[in-house]
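Below is one structure; the comments refer to it alone.
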Amino acid sequence: MSKLTDVPKRILIGRALRSDRLGETLLPKRIALPVFASDPLSSVAYAPGEVLLVLSIAGVSAYHFSPWIALAVIVLMFTVVASYRQNVHAYPSGGGDYEVATTNLGPKAGLTVASALLVDYVLTVAVSIASGIENLGSAVPFVVEHKVLCAVAVIVLLTLMNLRGVKESGKLFAIPTYVFVAGVFIMIAWGAFRGLVLGDTMRAPTADYHIRAEHQGLAGFALVFLLLRAFSSGCAALTGVEAISNGVPAFRKPKSKNAATTLAMMGLLAVTMFCGIIALAMTTKVRMAENPATDLIRGGIPIGSGYVQNPVISQVAEAVFGKGSFLFVVLAAATALVLFLAANTAYNGFPLLGSILAQDRYLPRQLHTRGDRLAFSNGIVLLAGAAMLLTVIYGADSTRLIQLYIVGVFVSFTLSQTGMVRHWNRHLAVEKDPAKRRHMVRSRAINAFGAFFTGLVLVVVLVTKFTHGAWVALLGMCIFYATMTAIRKHYDRVAEEIAAPEDPADDDMTRPSRVHSVVLISKIHRPTLRALAYARLMRSDTLEALTVNVDVAETKALREEWERRGIDVPLKVLDSPYREITRPIIEYVKGLRKESPRAAVSVIIPEYVVGHWYEHLLHNQSALRLKGRLLFTPGVMVTSVPYQLASSEAARNRARRRQDWSAPGAVRRGPAAERPKQPSATKD
């Protein structure tokens, strides 16, 4: 099977990299920005729309609150960025929020943060891909008609790109991310120039629509609740900020400084783009509705189910650049691409966090190892599978998915910043240098304000979004928490059970009283004779051959051949009236153990080694089942004696030739080159 899949695997993800080339995969800031910050940068494509969607519940009159909501999001963004700059300097090892919470608040808090981040990473992929599909669908109707299929295909493509390695995928992601950022800034600048200098009237395609308000004339507590819900939806712009804190080891040296600089660049770019799009949306009179078919009114009539509501950024670009213009098309394409690639933030954060959790024995150990391209391949595949499942369940609908969003990230924000406050308190208790103490006090103040503000937002998000889908994210966090706790208990129990004993007289250190070897026999052929020869070398106290009588004629022929050859190993036949093979052997071995509890039983099984994956289906199935059962029998050792068939030898030679050809500096040799060189004739 490995030979069959090796060629397509190399085509898809490239040649394997040596472990000592890990340093070559580290990222400079220009590549790290699109790799780790593509999520918060791209969120400006849907976060403003989510704010307007919520405000539309109270009608167009509520839109005038959007600048104030944008201002609150800006303050929160700068607070979180400033707080995480303290994190990357204090904890550069890559544990991020999980390490901060575990070190300062305890394992339970750390596991809560890890659960929240894992859920949020999965949602990041699902939301980003769904939103990108919707943006692309405004120009390509086929994508909207098959949005789930297209979303799954994009996830598969993104997974393959990440399996090729962080640095290589980062180079692929950098161009569309920078094109998107440049396009948005050009749109903001050109829109401001047209509106403020030229005095042009820019109108979005929905500017003439009216919104049927679900709740007219909201006031008091109802209005406050609506504004808080709009604010919580706008906070989607903050998702992915923590990925830089988790990905510090992927930066080039000086790691902490480069990560902190990237954080500042990301915050400044995201805030500017978010505010610019909100301002242009208000200027061009963009209209959005949660149920556009019934709530958007044109000429006094609902617009109907055939209407496709384009995102805010698409409507603003059409108003500023003109529909079908070059810059409009470029920005639309870059927006769709960067939304797809925004999921890359999760593809870098989830596997790295999974590796750290696996190292701490909270997740399977397979997640800790790097793949052929020095990426955490198992974590990448696990993330892709979970995101695809979520995308299919929610029909690749970003509006439904985003209700599950940002709960996890604000749980991690709050606990992480609270942990940082305790971190500074602990260091201040022992630090005597006045300059360092002033720096620590300033850092503690930043983290304390961040903990308070993000905790307040977490409460707002839970209150306003719980019934709209946030409960699903909380349920996912609980499932992750319970699963990781169970995995840790299992690993701890196994470690305790297999720990080397201090007492040399322990049973595991004592030699068995005797060894009883049993060679399983079906027919007399070369594999059987090799297994018997191997068993004779083991110097067992007793040795016997064992066969199961499922066919009387075959068993009789076996006995006669055994006697004719004069094999000096006793042959024992087990009757099996129900034609079973595994059960009689298991019962016989257990009987041997019962007769001599201190004796060891060595079961020797001859097996064929074939050269093609499909041939495995035709051989060794009984041996596999038997070995699986014998694993659970105490005091029993199972030994496979392989016999290589001709197809196996041919496959090995082909593999050796491929390896020689793929080696650096190898020169391909034909049959003539492989023949020994004949000595040339010389004259006397």
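Values reported hereafter were calculated over all heavy atoms of this structure, with side chains retained and with hydrogens, waters and symmetry mates removed.
The side-chain hydrogen bond (donor to acceptor under 3.5 Å, both in side chains) test applied to Asp120 returns no partner, not counting sequence neighbours. Every residue meeting the salt bridge (charged side-chain N to carboxylate O under 4.0 Å, His left out) condition with Arg229, not counting sequence neighbours, appears here in chain and number order: Glu290. In terms of the side-chain hydrogen bond (donor to acceptor under 3.5 Å, both in side chains) criterion, Arg85 has no residue partners (sequence neighbours excluded). In this view, Met265 and Leu33, Thr261 satisfy the side-chain contact (heavy atoms from CB on, under 4.5 Å) rule, not counting sequence neighbours. Under the side-chain contact (heavy atoms from CB on, under 4.5 Å) criterion, Val271 pairs with Ile74, Met77, Phe78, Cys275, not counting sequence neighbours. Scored by the ring-ring contact (aromatic ring centres under 6.0 Å, His included) test, Phe350 finds no partners at all (sequence neighbours excluded). Looking at residues two or more places apart in sequence or on another chain, you find a ring-ring contact (aromatic ring centres under 6.0 Å, His included) between Phe413 and Tyr84, Phe410. Val338 pairs by the side-chain contact (heavy atoms from CB on, under 4.5 Å) definition with Ser42, Thr177, Phe180, not counting sequence neighbours. Every residue two or more places apart in sequence or in another chain that forms a side-chain contact (heavy atoms from CB on, under 4.5 Å) with Val392 is listed here: Val148, Val152. Listed by chain and residue number, Asn87, Asp97 satisfy the side-chain hydrogen bond (donor to acceptor under 3.5 Å, both in side chains) test with Ser416 (two or more places apart in sequence, or in another chain). By the salt bridge (charged side-chain N to carboxylate O under 4.0 Å, His left out) test, Arg298 pairs with no residue at all, sequence neighbours left out. Under the side-chain hydrogen bond (donor to acceptor under 3.5 Å, both in side chains) criterion, Gln315 pairs with Thr206, sequence neighbours left out.
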Practice prompt. Test side-chain contact (heavy atoms from CB on, under 4.5 Å) on Tyr394 and Val472 and set out the steps.
Written response: CA-CA 12 Å; Tyr394 282 85; Val472 178; 3.6 Å; yes
Discussion item. Val54 vs Phe231, test: side-chain contact (heavy atoms from CB on, under 4.5 Å). Steps then yes/no.
Written reply: CA-CA 9 Å; Val54 175; Phe231 169 68; over 6 Å; no
Discussion item. Walk me through whether Leu390 and Val122 qualify under side-chain contact (heavy atoms from CB on, under 4.5 Å).
Written reply: CA-CA 8 Å; Leu390 205 59; Val122 174; 4.2 Å; yes
Worksheet item: Where do Phe321 and Val330 land on the side-chain contact (heavy atoms from CB on, under 4.5 Å) test, with the steps shown first?
Response: CA-CA 11 Å; Phe321 295 135; Val330 169; over 6 Å; no
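Atoms CH2 and CG, on Trp190 and Leu280 in that order, are 13.0 Å from each other to the nearest 0.5 Å. Note that the CG atom of Leu389 and the CD1 atom of Ile393 stand 4.0 Å from one another [nearest 0.5 Å]. Atoms CG and CE, from Asn310 and Met288 in turn, are 8.5 Å apart once rounded to the nearest 0.5 Å. To the nearest 0.5 angstrom, Tyr209 atom OH is 3.5 Å from Ile303 atom CD1. Leu160 contributes atom CG, which lies 12.0 Å from atom CD1 of Ile155 (distance to the nearest 0.5 angstrom).
For the residue pair Pro48 and Ile278, the shortest heavy atom distance occurs at CB-CD1, 3.7 Å. Contact record, Ser232 with Val461: CB-CG2, 3.7 Å, taken as the closest heavy-atom pair. Contact between Val51 and Ala230 at its shortest, heavy atoms only, is CG2-O, 3.7 Å. Taking each heavy atom of Leu76 and Cys235 in turn, the nearest pair found is CD2-SG, 3.6 Å. The two residues Val119 and Ala473 have their closest heavy-atom pair at CG1-O, 4.0 Å. The minimum heavy-atom distance linking Ala334 with Pro176 is given by the pair CB-O, 4.3 Å.
At a cut-off of 3.5 Å, with distance as the only test, a side-chain donor of Thr159 or Tyr347 sits close to an acceptor on the other residue.
Side-chain contact between Met187 and Ile277 is present, with heavy atoms from C-beta onward closer than 4.5 Å. Put simply, the side chain of Tyr121 does not reach to within 4.5 Å of the side chain of Val125, judged on heavy atoms. Annotation: side chain of Phe185 is in contact with side chain of Thr272 (closest heavy-atom distance under 4.5 Å). In this structure the side chain of Leu474 reaches within 4.5 angstrom of the side chain of Val407, judged on heavy atoms. Counting only heavy atoms from C-beta outward, the side chains of Ile487 and Pro364 approach each other to under 4.5 Å. Within the 4.5 Å cutoff, the side chain of Ser66 has heavy atoms near those of the Leu52 side chain. Counting heavy atoms from C-beta outward, Thr284 and Glu318 have side chains that stay 4.5 Å or more apart.
Of the possible polar contacts, none joining the Ser355 side chain to the Pro351 backbone as a donor-acceptor pair under 3.5 Å is found.
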